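Each chain gets a letter, A, B and so on, in the order the sequences are listed, and its residues count up from 1. Bear in mind the structure is a predicted one, so any value in this text is a computation, not a measurement.
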Protein chains: 2
Amino acid sequence: MSADPSTRRGIPDATVARLPEYLRALHSFSDDGIASVSSEDLAVATGVGSAKVRKDLSYLGSYGIRGVGYDVDHLAYQISFALGLTHEWAVAIVGMGNLGRALAAYRGFATKGFRIVGLLDQDTRLHGQVVAGLPVRPMADLAGLVGEGLAIGVIATPAESAQDVCDQLVSVGVRSILNFAPTVLATPPSVVVRKVDLSTELQILAFHEQRKAGRAVTLAEVSS
Amino acid sequence: MSADPSTRRGIPDATVARLPEYLRALHSFSDDGIASVSSEDLAVATGVGSAKVRKDLSYLGSYGIRGVGYDVDHLAYQISFALGLTHEWAVAIVGMGNLGRALAAYRGFATKGFRIVGLLDQDTRLHGQVVAGLPVRPMADLAGLVGEGLAIGVIATPAESAQDVCDQLVSVGVRSILNFAPTVLATPPSVVVRKVDLSTELQILAFHEQRKAGRAVTLAEVSS
DNA sequence: GTGACTTTGTGCGCGCCTTCACAAGGACGT
DNA sequence: ACGTCCTTGTGAAGGCGCGCACAAAGTCAC
Ligand SMILES: NC(=O)c1ccc[n+]([C@@H]2O[C@H](COP(=O)([O-])OP(=O)(O)OC[C@H]3O[C@@H](n4cnc5c(N)ncnc54)[C@H](O)[C@@H]3O)[C@@H](O)[C@H]2O)c1
Ligand SMILES: NC(=O)c1ccc[n+]([C@@H]2O[C@H](COP(=O)([O-])OP(=O)(O)OC[C@H]3O[C@@H](n4cnc5c(N)ncnc54)[C@H](O)[C@@H]3O)[C@@H](O)[C@H]2O)c1
């Protein structure tokens, strides 16, 4: 009852997660001067089945031409529109340690429609220090940034501080958070949190590696 | 027919992805001196439903005690065993730029059963330079590292080089790869690749943010 | 203008994952 | 020894996503 199936813009989560990949492929095609692509072309470029590509794109509307394919630039625009990338989003990074500095220096943000508008840290010794062209600012500056349009917060502090930082972000009105700290964050339902966890990824790889190794022998005694 | 359901160790992928989270929670409980937890305790600690917790754990075996719960340390061991974390895994990081250095400095590896055994880069100017206690080495050293037990490769090079680096890793025998570059890697089926993509995560957040904003007004013209 | 060809958009069945609900099982007090 | 209470482990149902296969639709050559 929460959504009328007929009126609903219901793009499945699984599809939303793939749209950025299609978009990247389309930009690549566009850079190569290719004006039109088939679902099969997109499939090989993204490693997704062509039927899935077509079904995903069909959620956005009918932008393909039968017998020909999709206009690269037009489709890229439509995906950008669906994802909400037709205007820039303002991002703040909290925690200017090893990871925070690497993120701040990352050029992949600007080219994808995201603008870093603030670098924050609790450590007073870092305040005023310039990282990637922006000064590190105290946490108290958060509220002002939201007034300037800040929408997305990135947490790159130690796990112990993550919940505290999250609470501060939420209290000033940030409703989208990307969390790099290995903790589960508690937030109101209106806040969307996504988590990137390096250790988890490695542990999943370890599981598969063990599975493959176990098929042969248990091996792996490397007494150097 | 590829696997006998009775003999099969078939742990669903979705479950494998949650096991590291349970493990982290269990370590936390153990540090707090808690010896026994219920599925409900684990549920609140991880943000997963208690029924799902029990079903996930049931794939590992019957390690719970009805009416009481699970022994924290014993369950932690069983999860570690299932994930293949009962021995250390050797990891190499390729690409010692902003991100690679942050990863090399990250202390969360060692505490989770992973050991960084090599830092590699193509740039000869970096060779010999010490990062986080390890010297940066040329790509040619890869083969030797595999001989010493290297199992997992981390790619932190620009997107253009990622496929080339991937091919080199695969050719020396690495079958588990964690890729930070925004590219789809082509590999033989025996190689497991997991991808961490910052831009994708931000774009998914943007989608949800737009959705929420759209419910009110289209807002968001911040003409500074 | 017509026919052959290409590629989209989607209806449908299948399998995996989630969620509910409860019987089975074990501890603990008396 | 026995009953009560608590929590596990799981059968069954529902939902979601995937992939096949094909009709619909439009292009292009002649
Ligand atoms: N370094 C990596 O490669 C890496 C990889 C994966 C995950 N992580 C996670 O990312 C987080 C940051 O890692 P790091 O290596 O950059 O740590 P770090 O210790 O180098 O940096 C943490 C920074 O956060 C700041 N900080 C601490 N508490 C704060 C607070 N309450 N408010 C604002 N700022 C605060 C500190 O002053 C410091 O500058 C950690 O949770 C870590 O587990 C790091
Ligand atoms: N910096 C970030 O926060 C961040 C975040 C997300 C994703 N990424 C991605 O991670 C990758 C690395 O980012 P970065 O900021 O560290 O880049 P960077 O340019 O700072 O570092 C890249 C390093 O890779 C090395 N390299 C290049 N080609 C190589 C090859 N063929 N073999 C071995 N080494 C090679 C270079 O010498 C350089 O040291 C990029 O693909 C980027 O898109 C970075």
Side-chain angles (χ1 to χ4, degrees), chain A residues 1-6 8-19 21-22 25-26 29 34-72 74-76 78-79 82 204 207, chain B residues 1-6 8-19 21-22 25-26 29 34-72 74-76 78-79 82 204 207:
Chain A
M1 285 297 155
S2 61
D4 179 350
S6 64
R8 198 162 84 102
R9 273 294 180 90
I11 303 179
D13 286 346
T15 294
V16 173
R18 280 185 296 268
L19 289 179
E21 203 65 51
Y22 301 145
L26 288 169
F29 281 126
I34 298 171
S36 178
V37 292
S38 67
S39 60
E40 183 60 27
D41 295 334
L42 275 173
V44 301
T46 58
V48 173
S50 64
K52 208 190 288 189
V53 170
R54 289 197 297 277
K55 184 153 285 187
D56 283 341
L57 298 181
S58 75
Y59 288 114
L60 311 183
S62 281
Y63 300 118
I65 300 174
R66 292 167 192 245
V68 177
Y70 301 87
D71 180 85
V72 171
H74 185 233
L75 184 57
Q78 291 298 340
I79 293 179
I204 294 171
F207 171 80
Chain B
M1 283 304 154
S2 62
D4 178 349
S6 63
R8 197 164 84 104
R9 271 297 179 89
I11 304 178
D13 286 346
T15 294
V16 172
R18 281 187 295 269
L19 289 179
E21 203 64 53
Y22 300 145
L26 287 169
F29 281 126
I34 297 171
S36 178
V37 291
S38 67
S39 61
E40 182 60 28
D41 294 334
L42 274 173
V44 302
T46 57
V48 172
S50 63
K52 207 189 288 186
V53 171
R54 288 196 298 278
K55 182 147 283 189
D56 283 342
L57 297 181
S58 74
Y59 289 113
L60 310 184
S62 280
Y63 300 119
I65 302 175
R66 293 169 190 241
V68 177
Y70 301 86
D71 179 86
V72 171
H74 185 235
L75 184 57
Q78 291 298 340
I79 293 179
I204 294 172
F207 171 80

> Under the side chain to side chain donor-acceptor pair (under 3.5 Å) test, which residues partner A:T15, sequence neighbours left out?
Replying inline: A:D56
>> Contact list please: residues 48-56 of chain B against DNA chain D, heavy atoms, distance less than 4.0 Å, in numerical order.
In response: B:R54, B:K55
Sequence neighbours excluded and cut-off under 3.5 Å, please list the side-chain donor-acceptor pairs for residues 60-67 of chain B, or say none.
residue: B:Y63; atom: OH; partner: B:L60; partner atom: O; Å: 3.3
residue: B:Y63; atom: OH; partner: B:Q78; partner atom: OE1; Å: 3.1

Taking distance alone, no hydrogens or angles, what donor-acceptor pairs closer than 3.5 Å link side-chain atoms of residues 42-54 of chain A to residues at least two apart or in another chain?
residue: A:T46; atom: OG1; partner: A:L42; partner atom: O; Å: 2.7
residue: A:S50; atom: OG; partner: A:E40; partner atom: OE1; Å: 3.4
residue: A:R54; atom: NH1; partner: A:S39; partner atom: OG; Å: 3.0

> D:dC16 P sits how many Å from A:D13 CG, rounded?
Replying inline: 10 Å
> Is any side-chain nitrogen or oxygen of A:S39 closer than 4.0 Å to OP1 or OP2 of C:dT8?
Replying inline: yes
> So which heavy atom on A:V72 is nearest to which on A:V37, and how close?
Replying inline: CG2-CG1, 3.7 Å
> On DNA chain D, nearest-nucleotide positions of B:E40 versus A:T15: which is more 5'?
Replying inline: B:E40
> Can you tell me if the side-chain N/O atoms of A:S62 get under 4.0 Å from OP1 or OP2 in C:dG9?
Replying inline: yes
>> If the cut-off is 4.0 Å, is B:Y70 near the phosphate of D:dG9, judged by side-chain N/O to OP1 or OP2?
In response: yes
> Starting at the 5' end of DNA chain C, which residue's closest nucleotide do you reach first, B:A14 or A:Y63?
Replying inline: A:Y63
>> Can you tell me how far apart CD1 (A:I204) and CG (B:D13) are? Round to the nearest 0.5 Å.
In response: 8.5 Å
> At what distance, to the nearest 0.5 angstrom, does OH of B:Y70 lie from OH of B:Y22?
Replying inline: 9.5 Å
> Over how many whole Å does the gap from B:L42 atom CG to D:dG9 atom C1' extend?
Replying inline: 15 Å
> Could you give the CG-to-C1' distance, from B:L57 to D:dG9, as a whole number of Å?
Replying inline: 11 Å
> If you round to the nearest 0.5 Å, how far is NZ of A:K55 from CZ of A:R18?
Replying inline: 11.0 Å
> When the distance from CG of A:D41 to C1' of C:dT8 is rounded to whole Å, what number comes out?
Replying inline: 13 Å
> Which letters describe nucleotides 24-29 of chain D, given B = protein heavy atom under 4.0 Å from base, S = only from sugar-phosphate, - = neither?
Replying inline: BBSS--
> How long is the gap from CG on A:L26 to CG on A:L75, to the nearest 0.5 Å?
Replying inline: 5.0 Å
> Which residues pass the side chain to side chain donor-acceptor pair (under 3.5 Å) test with B:D71, sequence neighbours left out?
Replying inline: none
